[in-house]
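Below: one structure, written as structure tokens.
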Amino acid sequence: MTARLDRARPYALGAFRIVVGLLFTCHGTRALFGVPGAEDTVAAGTWPTWYAAVIELVAGILVLVGLGTRAAAFIASGAMAYAYFTVHQPQGLFPIQNSGEGAAIYSWVFLLLVFTGPGAPALDNLFSRRDAKGAADPEEPAQVAA
């Protein structure tokens, strides 16, 4: 049973990344464009809400498609940690007290993606395969360490 689950790990991680990226993207589109279901949007250039919404949108899309996943997840994790400590934590010590569960869990989820990578179905994997094929150019002599 464990061996079967281990073989499915990259695909489960990819599905996890896609869902997290989609949900995070929705936060950005809601704040910036009012879609889905916001009554008002954030004014352009407003610190820190507009910048947070841009990070949510861009990092969410990058994580969703698996392009630059580790870098995008690192930035998103930092943004959510900043949101937790500046907005929520002053209202109470624990996330359950200060309504910061979302910011806290997103921060940890994105930090996990920094270390695990994107999983199987990701554009990062497509580009890394291309780079690996291009790196082994048969016409160039291999360098040997002296």
Side-chain angles (χ1 to χ4, degrees), residues 1-137 140 143 145:
M1 178 72 160
T2 302
R4 285 185 190 157
L5 292 174
D6 286 344
R7 282 193 301 271
R9 181 182 300 152
Y11 302 99
L13 183 57
F16 174 78
R17 173 191 46 80
I18 290 167
V19 170
V20 168
L22 178 63
L23 294 174
F24 204 59
T25 300
C26 288
H27 283 280
T29 59
R30 185 174 184 195
L32 292 173
F33 309 119
V35 176
E39 293 181 18
D40 57 349
T41 60
V42 176
T46 307
W47 177 258
T49 52
W50 184 80
Y51 294 94
V54 169
I55 289 171
E56 290 167 351
L57 177 65
V58 174
I61 290 170
L62 290 173
V63 168
L64 173 67
V65 299
L67 182 62
T69 304
R70 291 176 190 249
F74 182 76
I75 291 167
S77 177
M80 290 297 96
Y82 177 84
Y84 179 77
F85 285 110
T86 60
V87 175
H88 299 285
Q89 202 275 328
Q91 299 172 7
L93 180 61
F94 297 107
I96 198 73
Q97 294 173 311
N98 60 33
S99 300
E101 297 97 337
I105 197 71
Y106 268 124
S107 182
W108 284 104
V109 161
F110 284 120
L111 189 62
L112 178 66
L113 287 174
V114 170
F115 288 96
T116 61
L123 290 179
D124 284 340
N125 296 334
L126 178 66
F127 292 127
S128 68
R129 281 188 212 124
R130 261 192 210 157
D131 291 344
K133 287 180 184 178
D137 189 358
E140 288 188 23
Q143 293 183 3

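Along the sequence shown, residues carry numbers from 1. Just so it is clear, the values below take in all heavy atoms, side chains as well, and ignore hydrogens, waters and symmetry mates.
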Quick check: does any side chain N or O of [X] sit under 3.5 Å from a backbone N or O of [Y], one acting as donor and the other as acceptor?
X: S107; Y: M80; answer: no
X: R30; Y: V35; answer: no
X: R17; Y: A120; answer: no
X: D124; Y: P118; answer: no
X: T41; Y: G34; answer: no

Flag the pair W50 / L32 as yes when at least one side-chain heavy-atom distance between them is below 4.5 Å, and no otherwise.
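Result yes, sub-4.5 Å side-chain heavy-atom pair found.
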What distance do [X] atom [atom1] and [Y] atom [atom2] have between them, rounded to the nearest 0.5 Å?
X: T116; Y: R70; atom1: OG1; atom2: CZ; answer: 6.5 Å
X: W108; Y: S77; atom1: CH2; atom2: OG; answer: 8.0 Å
X: Y106; Y: L111; atom1: OH; atom2: CG; answer: 15.5 Å
X: E56; Y: Y51; atom1: CD; atom2: OH; answer: 15.0 Å
X: L23; Y: L64; atom1: CG; atom2: CG; answer: 10.0 Å
X: F110; Y: L112; atom1: CZ; atom2: CG; answer: 11.0 Å

Show the nearest heavy-atom pair for residues [X] and [Y], with the distance to one decimal.
X: P121; Y: P10; answer: CD-O, 4.1 Å
X: Y84; Y: G100; answer: CD1-O, 3.6 Å
X: F24; Y: A76; answer: CE2-CB, 3.7 Å
X: A72; Y: L62; answer: CB-CB, 3.8 Å
X: N98; Y: G92; answer: ND2-O, 2.8 Å
X: L113; Y: A73; answer: CB-CB, 3.9 Å

For L5, I'd like to know if atom CG has over 12 heavy atoms of other residues, nucleotides or ligands within 6.0 Å.
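Check passes, neighbour count above 12.
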Evaluate whether atom CZ of F74 has more than 12 neighbouring non-hydrogen atoms of other residues, nucleotides or ligands under 6.0 angstrom away.
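At most 12 heavy atoms, drawn from other residues, nucleotides or ligands, come within 6.0 Å of this atom.
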Partner of T25 by side chain to side chain contact (heavy atoms under 4.5 Å, CB included), out of I61, V58, V20
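With T25 as partner, I61, V58, V20 yield a single side chain to side chain contact (heavy atoms under 4.5 Å, CB included), made by I61.
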